*Asks:* 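Provided herewith is a single structure, encoded as structure tokens, for subsequent inquiry.
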Amino acid sequence: MGAILPVFPLGTVLFPGLVLPLHIFEERYRTLVRDLVATTDDDPHEFGVITLRQGLEAPLPVEAGPGDDDTERPEAPPVSADQLYDVGCTAELRQVTELPDGRFDIVTVGRRRFRLLGLATGTHPYLTAEVEWLPDEDATDETAELLAPRVLAAFRTYLDLLRPDSEVLDQIPDDPTVLSHLIAATAQLTTDERQDLLAAPDTATRLRAELRLLNREAGLLARVRAVPVPLSDLARPVSPN
């Protein structure tokens, strides 16, 4: 029997340590935020973020511009397990701003990975799931420590080609696990590729995959010499609903 976790289906992949701002307007997810805020125990106030294979996303990013009349939009239809990837990451509430009309702007940070075992039935209006926690990654793994400088060099080459003035170049961490999550969230990858990186069993496996992906992307950029989208847009969760 796994743990029961409230889950939020999204069109983006969340990684541990990465910031995810969200604009909450659906009533069921307003209820989720209120329930989390009302929790008085010492455990983190967190919910699961799990990526949709298809369909519309539920929230809007905080950066959504004025004039988006989300109060008139209907709630998204129910989600089935086959519409979801099987590995997700929890989002810990760090900041909650309630708007006058009852909507919320929240800031969350990715915390821990989990595997979806199945959707749960219960009395909550929002989606809940049975999950199992994936093991914490060993930050002192010798293979990861050896791989990290090579991957970092490939990442710098990739960023120099993609966006030479990127601020990400000034914020690259030394920790191999943190580095692997930052690259997975920032590089121009498909959802399937990001999801595979999230589900990697350990940091070394993720870094090996990223080295291959970064070399591929750098080769393409060097030949094309064109940037399809700004780097800041790549790191921003896209959510049209």
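Computed from a predicted structure; not experimentally measured. FYI, side chains are in, hydrogens and waters are out, and symmetry mates aren't considered; it's all heavy atoms of this structure.
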*Asks:* Do T205 and D202 have side-chain atoms, one donor and one acceptor, less than 3.5 Å apart?
*Replies:*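 A pair is found: one side chain offers a donor N or O, the other an acceptor, under 3.5 Å apart.
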*Asks:* More than 12 heavy atoms of other residues, nucleotides or ligands under 6.0 Å from CZ of R34: yes or no?
*Replies:*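 Count over threshold, so yes.
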*Asks:* Between A200 and R206, which heavy-atom pair has the shortest distance, and what is it?
*Replies:*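 Looking at all heavy atoms of both residues, the closest pair is O-NH2, 3.6 Å.
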*Asks:* Using salt bridge (charged side-chain N to carboxylate O under 4.0 Å, His left out) as the criterion, list what pairs up with R212, not counting sequence neighbours.
*Replies:*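 Applying salt bridge (charged side-chain N to carboxylate O under 4.0 Å, His left out) to R212 gives none.
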*Asks:* Among residues at least two apart in sequence or on other chains, which ones pass ring-ring contact (aromatic ring centres under 6.0 Å, His included) with Y126?
*Replies:*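 Here the qualifying residues are H124.
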*Asks:* Please, which pairs that meet side-chain hydrogen bond (donor to acceptor under 3.5 Å, both in side chains) have at least one residue in residues 87-96, sequence neighbours excluded?
*Replies:*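 Matches after skipping sequence neighbours: E46-T90.
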*Asks:* Any idea which heavy atoms bring S80 and L119 closest together, and the distance?
*Replies:*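 Minimum heavy-atom contact is C-CD1, 3.9 Å.
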*Asks:* Quick one: does H45's side chain have a donor or acceptor within less than 3.5 Å of a partner on T39's backbone?
*Replies:*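 At least one qualifying donor-acceptor pair exists.
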*Asks:* R113: which residues meet the salt bridge (charged side-chain N to carboxylate O under 4.0 Å, His left out) condition with it, sequence neighbours left out?
*Replies:*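 For R113, the residues satisfying salt bridge (charged side-chain N to carboxylate O under 4.0 Å, His left out) (neighbours in sequence not counted) are E137.
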*Asks:* Do S180 and T203 have side-chain N/O donor and acceptor atoms under 3.5 Å apart?
*Replies:*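 Their side chains do not contain a donor-acceptor pair, so the 3.5 Å distance test is not met.
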*Asks:* Kindly give the heavy-atom pair with the smallest separation between V19 and V109, and that separation in Å.
*Replies:*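 Distance-wise, the nearest heavy atoms are CG2-CG2, 4.2 Å.
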*Asks:* Compare every heavy atom of P16 with every heavy atom of C89, then report the nearest pair and how far apart it is.
*Replies:*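 Smallest interatomic distance, heavy atoms only, reads SG-N, 3.7 Å.
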*Asks:* Ignoring hydrogens and angles, tell me if any N or O in the side chain of R112 forms a donor-acceptor pair with the backbone of W133 under 3.5 Å.
*Replies:*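 Side chain of R112 to backbone of W133, a donor-acceptor pair under 3.5 Å: no, none is there.
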*Asks:* Rounded to the nearest 0.5 Å, what's the gap from CG on L211 to CZ on F155? Could you check?
*Replies:*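 Nearest 0.5 Å value for the CG-CZ distance: 13.0 Å.
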*Asks:* Keeping to residues at least two apart or across chains, list the ring pair (Phe, Tyr, Trp, His ring centres under 6.0 Å) pairs with something in residues 81-118.
*Replies:*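 Counting only pairs at least two positions apart or across chains, no ring pair (Phe, Tyr, Trp, His ring centres under 6.0 Å) contact touches residues 81-118.
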*Asks:* What closest approach, in Å, do V151 and L214 show between heavy atoms, and which atom pair accounts for it?
*Replies:*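 Heavy atoms of V151 and L214 come nearest at O-CD1, 3.9 Å.
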*Asks:* Which pairs pass salt bridge (Lys or Arg N to Asp or Glu O under 4.0 Å) with one or both residues in residues 184-193, sequence neighbours excluded?
*Replies:*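 Residue pairs with at least one partner in residues 184-193: E193-R216.
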